[in-house]
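Not measured: the values here are computed from a predicted model. Computed from heavy atoms alone, side chains included, the values below leave out hydrogens, waters and symmetry copies.
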Amino acid sequence: MKVNLVLSGGAARGIAHIGVIKALEELGFEISAVSGVSAGALVGAFYCDGYTPEEMMRVVKEKSWLRFLRPTVPRLGLISLRDAEKYLRSMLSAERFEDLKRKLFVGAVDIKSGKTLFFDSGSLFPPILGSCALPGIFEPIKYGNYLLVDGGITNNLPVEPLLGQEGLLVGVDVNPNTSMEKVGNIFQILVRSFLLSVRSNVDKRKELCHVVIEPSIYSYSPLSLLKAEEIYRLGYEKTMKVMSPYAQ
C-alpha cells in the first residue's frame, strides 16, 4: 500500500520520524511522497535522497554536523546556518528537488510577507535550512526574494501538498505538549516557547490525515540528542502498533 507521509517539526524529537519510517518499511508500505517541516524536512530530505533509517541514525549519533552550527554576532539570529549548507551538500547526492528519489515537499515561512511556502522544485538546500531556522536562534535563510524561517510557525503538520494524492495520508506529530520541570538555558526557553506556540496550528490538520501517529515521547526534551536511540525506538514501536492493521 502506498503511503504519503507528513512529518512535523520537533527538534531532537524528530529523530522519532526515522523510527516511523523503519516500521513502515518493515510493514511493507511504499512511501511515495514526504511533506516535512523543520526536523521533519531534514529527515524527509535524507530519506528521499536514498538514506536508509539505519544510515540516518548513524548520521544523528555521529554528531559531526554540530560543528557546522556556527555562533554569529547577533543581528538576525544567534547561530548561522551558512556552514550547515556545506555539510548538507557533502551528505546529500541531490542538489535539486527534482534529483531526489522520492517526491519531497518542504514547508517554510517567508518572514517578510508572512506567507507559508511549500517547495518541491529548484535548489534543495535553502528551503531545507530555512525550514529549520528557528526564529531568534538561527539566522533566516535568504533565497531569491524570500527570507525563510521555520515553517512550523504557521504550519507544523504540512498536509496540504499531499491532499488528494493516491495512497494513505499518514501524519506524524512529534511535538507533544508536556510540562517542563527544569529550565536550563536561553535555548531551552526559546525552543520551548516556539513549540508551544505551534500547537494551535496542528490539530485541525490532523483531521485531514487518514492516520495520525504520535510517538510517546512526552518525557523527552526537544534538545534530547543524547536520547536519540530511545526516541527512535519509540517512533518505531508506536508506528508498528498503529499501522499494523493497515498492512493486512
Are side-chain heavy atoms of Pro135 and Ile153 found at a separation under 4.5 Å? yes
Within a reach of under 6.0 Å around CZ of Phe97, are more than 12 heavy atoms found that belong to other residues, nucleotides or ligands? yes
Does Ile128 share a hydrophobic cluster with Met56, counting links as ILVMFWY side-chain heavy atoms below 4.5 Å and allowing steps through other members? yes
Begin from the C-alpha positions of His17 and Tyr47 and carry the test side chain to side chain contact (heavy atoms under 4.5 Å, CB included) through to its verdict. CA-CA 10 Å; His17 291 317; Tyr47 183 64; over 6 Å; no
Go through Val170 and Met243 one step at a time and tell me if the side chain to side chain contact (heavy atoms under 4.5 Å, CB included) criterion holds. CA-CA 9 Å; Val170 178; Met243 295 301 295; 4.0 Å; yes
Nearest heavy atoms of Ala23 and Met240, plus distance in Å: CB-SD, 3.6 Å
Would a hydrophobic clustering, with Ile, Leu, Val, Met, Phe, Trp and Tyr connected at side-chain separations under 4.5 Å, put Val159 with Val202? yes
Taking all atoms of both residues into account, what is the closest heavy-atom pair of Leu162 and Ala33, and its distance? CD2-CB, 3.8 Å
Indicate, with yes or no, if Tyr236 and Val212 share a hydrophobic cluster defined by side-chain heavy-atom contacts under 4.5 Å among Ile, Leu, Val, Met, Phe, Trp and Tyr. no
Do Phe118 and Asn155 come close enough that some side-chain heavy atom pair is under 4.5 Å? yes
Spacing of CG belonging to Asp173 relative to CZ belonging to Arg205, to within rounding of 0.5 Å: 12.0 Å
Report yes if the side chains of Ile21 and Val34 come closer than 4.5 Å at any heavy-atom pair, otherwise no. no
Can you find a pair of side-chain heavy atoms, one from Ser121 and one from Glu98, that are under 4.5 Å apart? yes
Does Asp49 use its side chain to pair, donor to acceptor, with the backbone of Ala94 at less than 3.5 Å? yes
Side chain to side chain contact (heavy atoms under 4.5 Å, CB included) between Glu55 and Val59, intermediate numbers included: CA-CA 6 Å; Glu55 289 169 338; Val59 170; 5.8 Å; no
Counting only heavy atoms not in Lys112, do more than 12 fall under 6.0 Å of its NZ? yes
Residues Pro127 and Ala108: closest non-hydrogen pair is O-CB, 4.4 Å
Hey, is the main chain of Lys241 close enough, under 3.5 Å, to the side chain of Ser244 for a donor-acceptor pair? no
Do side-chain atoms of Lys115 reach the backbone of Asp110 as a donor and acceptor pair under 3.5 angstrom? no
Minimal non-hydrogen separation, Pro53 against Tyr232, with atom names: CB-OH, 4.5 Å
Quick check: do Tyr146 and Pro126 have side-chain heavy atoms less than 4.5 Å from each other? no
Would a 4.5 Å heavy-atom cut-off, applied to side chains only, mark Ser131 and Leu148 as touching? no
Test item: Asn156 side-chain N/O and Asn201 main-chain N/O as donor-acceptor pair under 3.5 Å: no
Salt-bridged, Lys22 to Glu26, with N to O below 4.0 Å? yes
Over 12 foreign heavy atoms within 6.0 Å of CD, Glu166: no
Between the side chains of Tyr220 and Arg13, does any donor sit under 3.5 Å from an acceptor? no
Assigning hydrophobic clusters by single linkage (Ile, Leu, Val, Met, Phe, Trp, Tyr; side-chain heavy-atom cutoff under 4.5 Å), is Ile31 placed with Val174? yes
Just so I know, are the side chains of Asp99 and Ser93 near enough to count as touching, which here means a heavy-atom distance under 4.5 Å? no
Return the OH to CG distance between Tyr246 and Leu27, rounded to the nearest 0.5 Å. 12.5 Å
Over all atoms of both residues, closest heavy-atom pair of Asn175 and Gly9: CB-O, 3.8 Å
Starting at CD of Glu207, measure out to CG of Leu157 and round the result to the nearest 0.5 Å. 11.5 Å
Rounded to the nearest 0.5 angstrom, the CG-CD1 distance for Asp150 and Ile137 is 9.5 Å
Please report the shortest heavy-atom distance between Ala133 and Pro140, naming the atom on each side. CB-CA, 4.4 Å
Show your reasoning for whether side chain to side chain contact (heavy atoms under 4.5 Å, CB included) applies to Tyr51 and Leu92. CA-CA 9 Å; Tyr51 276 71; Leu92 300 179; 4.1 Å; yes
Looking at Leu169, Leu168, Thr239, Val3, which one forms a side-chain contact (heavy atoms from CB on, under 4.5 Å) with Val211? Leu168
Kindly compute the distance separating CZ (Arg102) from CD (Glu30), expressed to the nearest 0.5 Å. 8.0 Å
I'd like to know if Val106 and Leu5 are part of one continuous hydrophobic network [Ile/Leu/Val/Met/Phe/Trp/Tyr, side-chain heavy atoms within less than 4.5 Å]. yes
Could you grab the distance from atom CD of Glu85 to atom CG of Leu124, nearest 0.5 Å is fine? 10.0 Å
